[in-house]
Number of protein chains: 2
Amino acid sequence: MTTTKAACVGRPRGFDIDLALEQALNVFWRNGYEGTSLSELTEAMGIKKPSLYAAFGNKEQLFFKAIDLYENRPDSLFNIAFQHERVADVIRGLLLGAAAQFTDCSHPQGCALINSTFSCNEASESIKQTVLARKSKHKQRLVDRFELAQNQGELQEGCEPVVLASLMTALFQGLSMQASEGASLDELQKVATMAAEGILTVNVKR
Amino acid sequence: MTTTKAACVGRPRGFDIDLALEQALNVFWRNGYEGTSLSELTEAMGIKKPSLYAAFGNKEQLFFKAIDLYENRPDSLFNIAFQHERVADVIRGLLLGAAAQFTDCSHPQGCALINSTFSCNEASESIKQTVLARKSKHKQRLVDRFELAQNQGELQEGCEPVVLASLMTALFQGLSMQASEGASLDELQKVATMAAEGILTVNVKR
DNA sequence: TGTATTTTGTACCGATTGGTATGAAATTAT
DNA sequence: ATAATTTCATACCAATCGGTACAAAATACA
């Protein structure tokens, strides 16, 4: 379905559709949805507007496909950190992983999902709602993982999994913003380490 | 200087300039700089475009004046929290104060400065730079306060004031984003409390 | 060789963007 | 009363926004 379906008939497409989508993702990643214009997109993708609309529908659908591409990456922050058995390692992995991934120079800085909520006035309400739904889906994964830890007796008595998940989310958002503003890997690693230390000593049994 | 200077000659201005600026701040607060259009501004301020340009210069200068108004409020988060003597109370006051202020229903949710960096493509570079400078000024206030605490022996040995200030900033940014996305006061208070607990137990002597 | 089909580039669409020219209206100073 | 001065509302500006009509170009099928 999603694989490259050969058109076979008619003039062949003159560009790599997956590569073009990746370029589009990079632009949205840097500028957000509203902050990105069609001309910026077509220039980065190396195609003209009619080609963009024929291949991706419109700006909104292109954005959704780009975000899908972003979220379905195998080396996702969550997928890696969730492989750990002990919740302490999960928390450390998430925070240190965020610091590393948000400052990775091979793509724009920060988290694409978090950056995308920037610059969404009420005109593009569907964009805002969709991104919010994606984010709350990720937050739910955190809640589920921390509830599992609670059931397994890894958390201190007073620790509410929902609150812990919100705190982790807040830290991701802060780390993402600081990365987008130019913070270095070293800086964010220190911040993530201090945050993890505090969270673990108070909320996780040792 | 900044008080209402009567023009005395010519047709008198038909609107309250301070009230209009406050309305402008509210719009920028909600939608960011790029996300706010002149028509939204004039509608909220109850004036027409030529009046806006005559009174405030242009959109950029209006934004700066609105941000000045925001930052010079007497009940600023920092001003209140910095009144505490012990750094532990300062940290608690900052985080709990942020939770309270960012969800205050008498004005838009979140922090106006943090929200304003949303939706700033490279076109409005001066806006981005100015807001960044303001933010780093606030961060410096945190660094200075934590260095004072370090000199007074309130901090644990390994705790770097700069890192602690960055962590606090990250938490502000996260709390602001969650408030803007609709989080309740109760939610953010719990998050702030958990964050403060972790920070204090690890980094502050008791 | 046509013919059907799809992509391509150009040139355009109405709407909105930030910003202004202009003249009438409203006030103080003379 | 008249002149000087300032603000007002209307109507406009070029540039850009997201999106499209159209015909030439490039391929597969007959």
Side-chain angles (χ1 to χ4, degrees), chain A residues 4-21 23-24 27-28 31-66 116 118-128 130, chain B residues 4-21 24 27-28 31-66 116 118-128:
Chain A
T4 316
K5 176 176 51 181
C8 280
V9 63
R11 177 172 173 172
R13 181 177 287 118
F15 62 95
D16 184 331
I17 193 167
D18 296 312
L19 203 83
L21 184 58
Q23 298 305 322
V27 183
F28 284 128
N31 304 121
Y33 179 75
E34 297 261 2
T36 299
S37 69
L38 261 294
S39 17
E40 288 176 286
L41 285 168
T42 54
E43 189 183 3
M45 301 164 82
I47 61 180
K48 300 301 173 66
K49 275 192 283 185
S51 302
L52 189 156
Y53 278 82
F56 301 102
N58 58 13
K59 185 186 175 186
E60 187 175 324
Q61 294 173 37
L62 173 62
F63 174 77
F64 290 146
K65 287 172 181 166
S116 295
F118 301 176
S119 77
C120 273
N121 59 12
E122 52 263 13
S124 52
E125 191 64 27
S126 73
I127 296 285
K128 201 191 296 185
T130 301
Chain B
T4 314
K5 176 176 50 182
C8 280
V9 64
R11 177 172 172 172
R13 182 177 286 119
F15 61 96
D16 184 332
I17 194 166
D18 296 311
L19 203 84
L21 183 58
V27 183
F28 284 129
N31 304 122
Y33 179 75
E34 297 261 1
T36 298
S37 69
L38 260 295
S39 16
E40 289 175 287
L41 285 169
T42 53
E43 190 183 2
M45 301 164 81
I47 61 178
K48 300 302 173 64
K49 276 193 282 186
S51 301
L52 189 155
Y53 278 81
F56 300 103
N58 59 11
K59 185 185 175 186
E60 188 175 325
Q61 294 172 36
L62 173 61
F63 174 77
F64 290 145
K65 288 173 181 166
S116 296
F118 302 178
S119 78
C120 273
N121 58 11
E122 52 264 13
S124 52
E125 191 64 28
S126 73
I127 297 285
K128 201 190 298 185

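Naming: A, B, ... by sequence-line order, numbering from 1 per chain.
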Open item on the list: Let me test you: for the helix from C:dT1-D:dA30 to C:dT30-D:dA1, what is the angle between the axes at its two ends (five pairs each), rounded to 10 degrees?
Closed with: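 Here the local axes at opposite ends form an angle of 10°.
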Task: Exam field: side chain B:S51 to backbone B:I47, donor-acceptor pair closer than 3.5 Å - done: no
Rounded off to whole Å, could you give me the [atom1]-to-[atom2] distance for the [X] and [N] pair?
| X | N | atom1 | atom2 | result |
| --- | --- | --- | --- | --- |
| B:K48 | C:dT22 | NZ | C1' | 16 Å |
| B:N31 | C:dT17 | CG | P | 12 Å |
| B:F63 | C:dG19 | CZ | P | 14 Å |
| B:L41 | C:dT16 | CG | P | 16 Å |
| B:I17 | D:dT6 | CD1 | C1' | 13 Å |
| A:R13 | D:dA28 | CZ | P | 15 Å |
| A:F56 | C:dT8 | CZ | P | 11 Å |
| B:I47 | D:dT10 | CD1 | P | 14 Å |

- [ ] Please name the pair of heavy atoms, one in A:S124 and one in A:E34, separated by the smallest distance, quoted to 0.1 Å.
- [x] OG-OE2, 2.5 Å
Open item on the list: Please give me the minimum heavy-atom distance between A:E60 and A:S126, naming the atom from each residue.
Closed with: OE2-OG, 2.9 Å
Is there side-chain contact between [X] and [Y], with heavy atoms separated by less than 4.5 Å?
| X | Y | answer |
| --- | --- | --- |
| B:F56 | B:I17 | yes |
| B:L21 | B:L62 | yes |
| B:F63 | B:T36 | no |
| B:K48 | B:T42 | no |
| A:Y33 | A:K59 | yes |

- [ ] Could I get the full list of side-chain hydrogen bond (donor to acceptor under 3.5 Å, both in side chains) partners for B:E43, not counting sequence neighbours?
- [x]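 B:E43 satisfies side-chain hydrogen bond (donor to acceptor under 3.5 Å, both in side chains) with no residue once adjacent residues are dropped.
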Task: Contact under 4.0 Å: B:S51 side-chain N or O vs D:dT7 OP1/OP2 - done: no
- [ ] Do nucleotides 18-27 of chain D as a string where each nucleotide becomes B, S or -: B if the base has a protein heavy atom under 4.0 Å, S if just the sugar-phosphate does, - if no protein is that close.
- [x] BBBB---BBB
